[in-house]
Enquirer: 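One structure, as structure tokens, below. Some questions next.
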Amino acid sequence: MKKFYITTAIDYANGKPHLGHAYEKVLTDVIARSRRMMGEEVHFLTGLDEHGQKVQQTARNRGIEPIELCDEAARDFQALCRDLEISNDDFIRTTEDRHKRVVRQILQKLYDEGQIYKAEYTGHYSTRVEQFLRERDRNEDGEWPDEYGEVVEITESNYFFKLGAYQDWLIGFLNDNPDFIFPRFRQKQVLEFLKDPINDLCISRPVERLAWGIPLPFDEEYVTYVWFDALVNYISAVGYGEERFEDYWPADFHVIGKDILVPPHAVYWPIMLKAAGVPLPRAILAHGWWLKSGQKMAKSTGNIVDPLDLIGEFGPDAFRYFVTREMNVGQDSNFSLDLFLSRYNSDLANDLGNLVSRTLNMIGRYCDGTVPGASIEGEPESELRALWEETRTGSAELYAEMQFHAALDKTFAFIRAINRYAEQRSPWKLAKSADPEDRRIVETALATMAEGVRLSVALLKPVMPGTADRVCGLLGMTGVREWEKDLTWSAVLEENRTAPSEILFPRPKSELSGS
RNA sequence: GCCAGGAUAGCUCAGCGGUAGAGCAGAGGACUCAUAAGCCUUUGGUCGGCGGUUCAAAUCCGCCUCCUGGCACCA
């Protein structure tokens, strides 16, 4: 059976993980986990892009081998995945044999077919940064900026891929497949870009300038450069050329940042695949950026400077919740500690955490720690159940439309409704009564609250996997498995032994001094 | 300059032709099972500006202003 195959972009090894990396992994993970909840078999790939000039330079500056630098980066990025509870099934590194083999295989194939050719290029070369410069790198006065040091005009031979030959084909493809890129306005941007002619793509560097790369199979004096290395990870990781490849490819989603949509993922990659006779991925999801409005980040809680510190401080689920709730996929969003704390306190601690706490506490106090049965169906109960049905169907649609922030909004509206329901029934008042009818209301109320909590966290599982399972545990059941079953209002909790009340999201110590 | 996205309550945003909405923050209140949480009530906006279409415009059209990003071949 074909799996649901989803990827993130691979991160560049010459850098430390930051908010953008973390967000992309969480977003992809939310999609991957939600698909699993829907019963699909998912294959989730992320990884590291390790070749190239910057890695070579940084390693040289530090006096270590490039691979040592990459090993470090791999540790950092894999640790990030662990810390965020990312459920990736694989982590590819472009220095692995399985990757290099496929890159060379593809290059050789294209070369044999005459789709790669050798040509000369003359341009302005900076010896200091070891790069060719573009005309727009010049200062306004026409001089080269000082940072480039000496700039000389040189001629160099390189290999080129016949990108331009496929321009019309790509335009046609995009017109025929308006949903290829999400959000749609991004696809329009690509078509806009394709209105001007595109040139062929230089895919090599001479080894004397760049040694840290994959040698061209047909000319060992060169290594391949950037795109024919990095992009190929999407197919090399799932066994291109082997039988099992069919189980994965085509990918269902490439999740990327908007910065690498045009031209790499929307132009180079589709054309590379087309040229190599490989089917195209089903869709590309281009997300926006986090704008940091947080100069005050350091002040408020004393020691939080980096957004990633929030993971350690508040837990992965709080971080995952925040970035998913606050970002409208495709657009940019603001990140600040104040916004984070606001979400954490009001949504997680006050609405959800406190609800779990009061529910468990009352079940312990009034029902000896056993979930009672609901024997009454009054107006408060039917209203809450009706809202649940709406929440459930509405969320499913929103998930399908990538509107995760809206889905969370809906889910928390339901959680707030449970708190409202609790006030309507006020079991803590009726618990003092000796009237059996009052007793039935108390039991119904607590059963209803417990069930509401169970359903809520089941729905939250893709975003807050740890919390979902933890709450299930507190309610005396194993974790969430499948939405098909777990989102149905039921009496599965009845007679379950519950745990003593726990604080899911403790209030931060010094949150009031904010702004 | 060209293209795209955005400009709606103090903050983050929804609404996209029919008497201005949500959450948070602020104010007041009743309660006490709970993380001084939750619940109820409430203050608050000439929907960026100017014109136009329409019986009716945040909502459609035109012009303008201000943010954000992209404009390749990083050879």
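Residue numbers start from 1 in every chain, and the chains themselves are labelled A, B, ... in the order their sequence lines are given, proteins ahead of strands. The structure displayed is predicted, hence computed values, not measured ones.
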Enquirer: Could you label the plane-to-plane angle of the A:Tyr166 and A:Trp169 rings as parallel, tilted or perpendicular, counting under 30° as parallel and over 60° as perpendicular?
Expert: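 Taking A:Trp169 first and then A:Tyr166, their aromatic rings stand perpendicular (interplane angle over 60°).
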Enquirer: Could you check how far CZ of A:Phe322 sits from C1' of B:G23, rounded to whole Å?
Expert: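 In whole Å, B:G23 C1' and A:Phe322 CZ are 14 Å from each other.
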Enquirer: Is the shortest distance from a Lys or Arg side-chain nitrogen in A:Lys258 or A:Asp332 to a carboxylate oxygen in the other one below 4.0 Å?
Expert: yes
Enquirer: Counting C-beta onward and ignoring hydrogens, is there a side-chain heavy-atom pair between A:Ile203 and A:Leu107 closer than 4.5 Å?
Expert: yes
Enquirer: What does A:Leu355 touch in the nucleic acid at a heavy-atom separation under 4.0 angstrom: a base, only the sugar-phosphate, or nothing?
Expert: nothing
Enquirer: Rounded off to whole Å, could you give me the CZ-to-C1' distance for the A:Phe314 and B:U35 pair?
Expert: 14 Å
Enquirer: Consider the side chain of A:Asn354, meaning its heavy atoms from C-beta on, and name the nucleotide among B:C33, B:G38, B:C13 that approaches it most closely.
Expert: B:G38
Enquirer: Counting side-chain heavy atoms from CB outward, which of B:U68, B:C33, B:U12 is closest to A:Glu326?
Expert: B:U12
Enquirer: Quick check for you: among B:A72, B:C33, B:U35, whose closest atom lies nearest to any side-chain atom of A:Arg507?
Expert: B:U35
Enquirer: So what does A:Gly123 hit on the nucleic acid, given a heavy-atom distance under 4.0 Å: a base, only sugar-phosphate, or nothing?
Expert: nothing
Enquirer: Which nucleotide sits closest to the side chain of A:Ser357: B:A37, B:A72, B:A34?
Expert: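 The closest nucleotide is B:A34.
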Enquirer: Taking the ring of A:Tyr321 and the ring of A:Phe412, is the distance between their centroids below 6.0 Å?
Expert: yes
Enquirer: Pick the C1' atom in B:U8 and in B:A57, then give their distance to the nearest Å.
Expert: 14 Å
Enquirer: Looking only at the side chains, is there a donor atom on one of A:Asp317 and A:Thr467 sitting less than 3.5 Å from an acceptor on the other?
Expert: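 Distance-only check passes for A:Asp317 and A:Thr467.
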Enquirer: Using whole Å, report how far CE of A:Met327 lies from C1' of B:U68.
Expert: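 Taking CE of A:Met327 and C1' of B:U68, I get 13 Å after rounding.
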Enquirer: Using a heavy-atom cut-off of 4.0 Å across all strands, would you classify A:Pro427 as base, sugar-phosphate, or nothing?
Expert: nothing
Enquirer: Mind listing the N/O atom pairs, protein and nucleotides 1-7 of chain B, below 3.5 Å?
Expert:
none

Enquirer: Heavy-atom distance under 4.5 Å between the side chains of A:Asn14 and A:Asp49, does that happen here?
Expert: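 When only atoms from C-beta onward are counted, A:Asp49 and A:Asn14 do not touch, as no gap falls below 4.5 Å.
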Enquirer: Do the side-chain N or O atoms of A:Asn361 get closer than 4.0 angstrom to the phosphate oxygens (OP1, OP2) of B:A34?
Expert: yes
Enquirer: Report yes if a side-chain nitrogen or oxygen of A:Arg420 is closer than 4.0 Å to either non-bridging phosphate oxygen (OP1 or OP2) of B:C40; otherwise report no.
Expert: yes
Enquirer: Heavy-atom contacts under 4.0 Å between residues 434-456 of chain A and RNA chain B, which residues?
Expert: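 The stretch gives none, as no residue of it lies under 4.0 Å from the strand.
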Enquirer: Could you state the CG-P distance from A:Leu408 to B:G23, rounded to the nearest angstrom?
Expert: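 Interatomic distance, CG of A:Leu408 to P of B:G23: 17 Å.
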Enquirer: Which whole number of Å gives the distance between the P atom of B:C33 and that of B:A20?
Expert: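 The same atom, P, in both gives a distance of 44 Å.
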Enquirer: Please state the C1' separation for the pair B:C24 and B:A58 - nearest whole angstrom.
Expert: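 About 22 Å, rounded to a whole number of Å.
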Enquirer: Any side-chain N or O of A:Asn345 less than 4.0 Å from the OP1 or OP2 oxygen of B:A37?
Expert: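 So the side chain of A:Asn345 is outside the cut-off, no N or O lying under 4.0 Å from OP1 or OP2 of B:A37.
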Enquirer: Pick base, sugar-phosphate or nothing for A:Pro197, based on heavy-atom distances below 4.0 Å to the nucleic acid.
Expert: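 Base contact - A:Pro197 has a heavy atom under 4.0 Å of at least one base atom.
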Enquirer: With no hydrogens and no angle check, do the side chains of A:Gln115 and A:Glu113 hold a donor and an acceptor under 3.5 Å apart?
Expert: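 Indeed, the side chains of A:Gln115 and A:Glu113 share at least one donor-acceptor pair under 3.5 Å.
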Enquirer: Pick the C1' atom in B:A7 and in B:C47, then give their distance to the nearest Å.
Expert: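 It comes out at 10 Å once rounded to the nearest Å.
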Enquirer: To the side chain of A:Ile198, which of B:A37, B:A72, B:G38 is closest?
Expert: B:A72
Enquirer: When rounded to the nearest Å, what value does the distance between C1' atoms of B:G6 and B:A25 take?
Expert: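 Here B:G6 and B:A25 have their C1' atoms 24 Å from each other.
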Enquirer: Hey, are the side chains of A:Phe228 and A:Leu110 touching, using non-hydrogen atoms and a 4.5 Å cut-off?
Expert: yes
Enquirer: Assert yes or no for the condition that the ring centre distance of A:Phe180 to A:Phe173 is strictly below 6.0 Å.
Expert: yes
Enquirer: Looking only at the side chain of A:Tyr268 (C-beta and beyond, no hydrogens), which of the listed nucleotides B:U32, B:A72, B:U35 gets closest?
Expert: B:A72
Enquirer: On a whole-Å scale, what distance lies between the C1' atoms belonging to B:U54 and B:C64?
Expert: 23 Å
Enquirer: How many whole angstroms separate atom CD of A:Gln424 from atom P of B:G38?
Expert: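 Result: 17 Å.
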Enquirer: State the syn/anti category of B:A4 according to its glycosidic angle, syn meaning within 90° of 0.
Expert: anti
Enquirer: Where the side chain of A:Arg205 is defined as all heavy atoms beyond and including C-beta, which of B:A34, B:C74, B:U32 is the nearest nucleotide?
Expert: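 So the nucleotide nearest the side chain must be B:C74.
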Enquirer: Considering only NZ, NE, NH1 and NH2 on the basic side and carboxylate oxygens on the acidic side, decide whether A:Lys188 and A:Glu192 come within less than 4.0 Å.
Expert: no
Enquirer: On a whole-Å scale, what distance lies between the C1' atoms belonging to B:U59 and B:G26?
Expert: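 So the two C1' atoms sit 30 Å from each other.
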Enquirer: Using the C1' atom in both, what is the distance from B:C61 to B:G69, to the nearest Å?
Expert: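 One C1' to the other, the span is 26 Å.
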Enquirer: Using a 4.0 Å heavy-atom cut-off, does A:Phe505 contact any base of the nucleic acid, only the sugar-phosphate backbone, or nothing at all?
Expert: base
Enquirer: Would you mind classifying the nucleic acid contact of A:Tyr366 as base, sugar-phosphate or nothing, using non-hydrogen atoms under 4.0 angstrom?
Expert: sugar-phosphate
Enquirer: Assert yes or no for the condition that the ring centre distance of A:Phe319 to A:Phe314 is strictly below 6.0 Å.
Expert: no
Enquirer: Is RNA chain B part of any stem, that is, at least 3 consecutive Watson-Crick or G-U pairs with both distances under 3.5 Å, and where?
Expert: B:1-7 with B:65-71, B:10-13 with B:21-24, B:26-29 with B:39-42, B:48-52 with B:60-64
Enquirer: Where along residues 389-405 of chain A does a heavy atom fall under 4.0 Å from RNA chain B?
Expert: none
Enquirer: Taking the six-membered ring for Trp, are A:Tyr159 and A:Tyr117 closer than 6.0 Å centroid to centroid?
Expert: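 Between A:Tyr117 and A:Tyr159, which both carry aromatic rings, the centre distance is not below 6.0 Å.
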Enquirer: How would you list all residue pairs meeting salt bridge (Lys or Arg N to Asp or Glu O under 4.0 Å) that involve residues 339-359 of chain A, not counting sequence neighbours?
Expert: A:Glu326-A:Arg343, A:Arg343-A:Asp347, A:Asp351-A:Arg416, A:Arg358-A:Glu423
Enquirer: Give a yes or no on this: more than 12 heavy atoms of other residues, nucleotides or ligands lie within 6.0 Å of atom CD of A:Glu495.
Expert: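 Counting other residues, nucleotides and ligands, CD of A:Glu495 stays at 12 neighbours or fewer.
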Enquirer: Check every strand shown and say whether A:Arg325 touches a base, only sugar-phosphate, or nothing at a heavy-atom separation below 4.0 Å.
Expert: nothing
Enquirer: Any Lys/Arg nitrogen of A:Arg104 or A:Glu220 sitting under 4.0 Å from an Asp/Glu carboxylate oxygen of the other?
Expert: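 Here A:Arg104 pairs with A:Glu220 in a salt bridge, since their nearest N and O are under 4.0 Å apart.
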Enquirer: For the pair A:Glu443 and A:Arg440, find out whether any cationic side-chain nitrogen is under 4.0 Å from an anionic carboxylate oxygen.
Expert: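 Judged by the 4.0 Å cut-off on N to carboxylate O distance, A:Glu443 and A:Arg440 do not form a salt bridge.
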Enquirer: In plain terms, say whether A:Glu156 and A:Arg205 are close enough for a salt bridge, that is, a side-chain N and a carboxylate O under 4.0 Å apart.
Expert: no
Enquirer: Please find out if less than 6.0 Å separates the ring center of A:Phe335 from that of A:Phe322.
Expert: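 Under 6.0 Å, so yes.
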Enquirer: Which nucleotide wins on minimum distance to the side chain of A:Phe193, given the candidates B:A72, B:C74, B:U35?
Expert: B:A72
Enquirer: Pairs under 3.5 angstrom, nitrogen or oxygen only, protein versus nucleotides 24-27 of chain B, please.
Expert:
residue: B:C24; atom: O2'; partner: A:Ser342; partner atom: OG; Å: 3.1

Enquirer: Is any side-chain heavy atom of A:Arg209 closer than 4.5 Å to a side-chain heavy atom of A:Pro206?
Expert: yes
Enquirer: Check whether any side-chain heavy atom of A:Ser204 sits under 4.5 Å from a side-chain heavy atom of A:Leu216, and report yes or no.
Expert: yes
Enquirer: Could you state the CZ-P distance from A:Arg209 to B:C74, rounded to the nearest angstrom?
Expert: 10 Å
Enquirer: Would you mind classifying the nucleic acid contact of A:Asn328 as base, sugar-phosphate or nothing, using non-hydrogen atoms under 4.0 angstrom?
Expert: sugar-phosphate
Enquirer: Base, sugar-phosphate, or nothing: which does A:Tyr222 touch, judged by heavy atoms less than 4.0 Å apart?
Expert: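 If one applies the 4.0 Å heavy-atom cut-off, A:Tyr222 turns out to touch nothing in the nucleic acid.
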